[in-house]
Amino acid sequence: MCGIVGYVGDRDATEVLIKGLKRLEYRGYDSAGIALIDGKLIVQKGKGKVINLEKGSKKNNLSGKLGIGHTRWATHGEPNDVNSHPHLSETGKIAVVHNGIIENYNTLKKQLIERGRTFQSQTDTEIIAQLIEEIYTKSKGVTFEQAIRLALKQIVGTYGLAILNIETPDKIYIARKGSPLLLGVGENEMFIASDASPIVEYTNKVVYLDDGEMAIVTRSNYEVKTIDDSPLTKEVHELAISLDAIEKAGYPHFMLKEIFEQPRSIADCMRGRIDVENSSILLGGIEDVIDDLVNAKRIVIAACGTSWHSALVGEYLFEQLAKTPVEVEYASEFRYRDPLIGKGDVLLVISQSGETADTLAALREAQEKGALVLGICNVVGSTISRETDAGVFTHAGPEIGVASTKAFTAQVVVLIMMALELGQRKGLISSDEMKRYIAELSRIPAKVEHILEHSDDTIKKMASLFTYAPNFLYLGRSYSFPVALEGALKLKEISYIHAEGYPAAEMKHGPIALIDEMMPVVVIAATDHTNDKMVSNIEEVKARKGRLIAIINDENTEVKDLADFCVSIPNTIDCFSPLLTVIPLQLLSYYIAVNRGCNVDQPRNLAKSVTVE
Ligand code: M6R
């Protein structure tokens with residue numbers, strides 16, 4: 001949510017900042033801006049995409065060797081030119097970009113107004129610039145850095161901040177509490193960003209700022225300290241991502257690229273972890289805590305959005321394969337209801353970005369209460385991955401499209417591997433069964449490839465028939481129920497069509513009233529053990545003239561005869577089926593959204609990583 005970028009060095013800062021903002025645009029895209037120091041403090045900002053900012057910067061011939069930039073996802077104040085970041089102090093000498101929410105901004109703003117300050121915007125961010133300036137100019141002997149620290153002491157809320165002051169033209173000040181920030185270390189140049197994507201092209205050396213830390217950055221040095229002014233020595237990490245991974249590589253959208261990457265991302269997720277010859281699984285990230293996991297009274301899984309859907313798949317998996325009771329929670333609900341969790345329990349958090357505010361808060365809540373906290377994350381170095389006691393990375397590669405696709409399948413693969421390992425250690429899976437599971441798991445990438453190769457055209461045609469449908473219903477049972485939810489979420493978030501996912505049997509308890517000849521109903525009927533029941537539900541839809549799209553496996557001829565449209569996927573073991581059944585649903589939502597002219601990678605009102613509550 002919102003992206004921050006900063007640069008100091010010999011390059012043209014405008015170019016570095018604009019390029020960086022384009023890479024960060026998936027985090028927020030309602031407005032963008034930059035501030036540069038080039039003798040004076042120059043700001044260019046406005047509503048809309050980074051491309052508008054780029055045009056404006058070119059027109060005004062902006063230049064400089066030091067600057068900060070921001071792409072916004074509005075929280076306080078509508079997306080317009082004035083509310084765009086950077087925000088300036090009253091004298092125009094201090095510029096601030098901010099990611100997060102200042103919870104006491106109203107109180108602080110009132111106080112600042114009473115003391116004579118005037119405000120331009122409706123944002124919470126502007127008070128930061130104003131407060132720092134007030135402290136800096138009114139308190140004798142206070143340096144600018146101290147003024148920042150004093151201001152941050154008064155602020156309640158979350159922030160990732162980058163600050164410029166025309167009086168210290170060689171420095172960028174950054175601070176973090178609750179919103180990610182990292183520093184890219186180059187040769188006589190430094191980069192700042194909310195995530196690694198704007199930096200990877202220039203350096204692979206990064207320093208992650210933790211909560212409660214700030215840094216003073218010049219072209220040749222960086223000094224990290226706590227907000228209380230204690231110096232810190234930070235580890236310099238090496239980035240493992242490549243530039244290719246964050247570019248479209250000829251695809252029209254990141255989402256399509258990421259859908260088509262799934263054979264590889266699933267294989268990458270399993271690489272070095274499943275041993276087909278010996279029919280074994282080794283998850284290094286949780287090896288040290290595996291006994292706690294085996295002995296856990298129960299596992300609670302907390303997550304949001306798509307990650308919550310994979311958590312539901314996890315519930316089925318852990319209960320079926322490892323006989324461990326599981327509860328799945330929306331992270332946002334878990335954190336605020338004083339959850340009953342403690343020693344002997346395991347909280348498993350799932351997050352692609354590793355920065356989702358509610359998931360992070362759930363993690364901290366459970367840790368405080370004494371539970372063992374494990375994570376499944378995609379982004380290495382993310383806050384969640386650093387704060388969990390142990391965990392497993394999904395290794396799906398950067399996911400840029402706002403709609404999550406390859407992260408979902410990789411999360412499910414990790415959950416499968418965890419459940420199998422647990423089941424085996426608990427003596428619940430025989431070696432023959434394990435052999436069968438592992439062999440089939442290793443065939444999944446090829447099966448996904450098969451679906452992508454053989455179904456793409458059928459789905460495109462189907463999408464053109466349903467492009468203007470106002471509603472969709474998605475139904476599934478067992479392992480296909482979370483997939484139904486995920487299919488509906490994909491459609492609504494990128495095409496703005498209202499869609500609901502339901503367990504198929506629930507249809508009779510209300511949603512069946514919606515079905516008529518105008519209602520497309522997507523049934524996921526590819527799990528063998530629920531097939532007969534699904535057939536009855538399908539008959540009920542047909543009897544009410546619903547238009548039936550079925551995702552079936554190769555053997556399911558009964559449903560094939562009933563459905564208006566079918567996508568056939570290869571057979572697999574029921575508990576692996578979400579890895580296959582979700583693929584046609586991702587494609588269907590993608591093509592419908594494209595047909596409707598929607599901005600697939602950056603749907604309205606959304607942001608890739610939800611770092612505010
Ligand atoms: O990064 P996370 O997995 O924690 O993100 C959770 C949700 O915000 C995310 O899955 C969201 O629902 C996606 N837009 C779904 O496509």
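This one's a predicted model, so the numbers in the text were calculated from it and none came from an experiment.
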Can you tell me if [X] and [Y] form a side-chain donor-acceptor pair at under 3.5 Å?
X	Y	value
Q352	S307	no
T356	D358	no
S404	E399	yes
E355	T383	yes
K49	T71	no
T405	Q586	no
S464	T467	no
D389	Q367	yes
N471	H498	yes

[X] bridged to [Y] by N-O distance under 4.0 Å:
X	Y	answer
D338	K369	yes
K435	D432	no
R443	E449	no
E247	R23	yes

Quiz item: What residues, two or more places apart in sequence or in another chain, satisfy side-chain contact (heavy atoms from CB on, under 4.5 Å) together with H454?
Solution: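 Result, side-chain contact (heavy atoms from CB on, under 4.5 Å) vs H454: H450.
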Quiz item: Yes or no on side-chain hydrogen bond (donor to acceptor under 3.5 Å, both in side chains) for R477 and N537, after CA distance, side-chain angles and deciding distance?
Solution: CA-CA 10 Å; R477 280 172 182 263; N537 298 132; 3.0 Å; yes
Self-check item: Reference residue Y590; test side chain to side chain donor-acceptor pair (under 3.5 Å); the match among K460, H253, K490
Solution: H253
Self-check item: Set of ring-ring contact (aromatic ring centres under 6.0 Å, His included) partners for Y479, sequence neighbours left out
Solution: Y316
Quiz prompt | Any residue meeting ring-ring contact (aromatic ring centres under 6.0 Å, His included) with Y591, in chain and number order, not counting sequence neighbours | solution =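 Testing Y591 for ring-ring contact (aromatic ring centres under 6.0 Å, His included), a comparison that skips the adjacent residues, returns none.
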Quiz item: So with a 6.0 Å cut-off around CD of E558, is the heavy-atom count from everything else above 12?
Solution: no
Exercise. Can you see which heavy atom on L475 is nearest to which on M534, and at what distance?
Key: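 Where L475 meets M534 most closely, the heavy atoms are O-CE, 4.0 Å.
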Quiz item: What orientation do Y437 and F576 show, parallel under 30°, tilted 30 to 60°, or perpendicular over 60°?
Solution: tilted
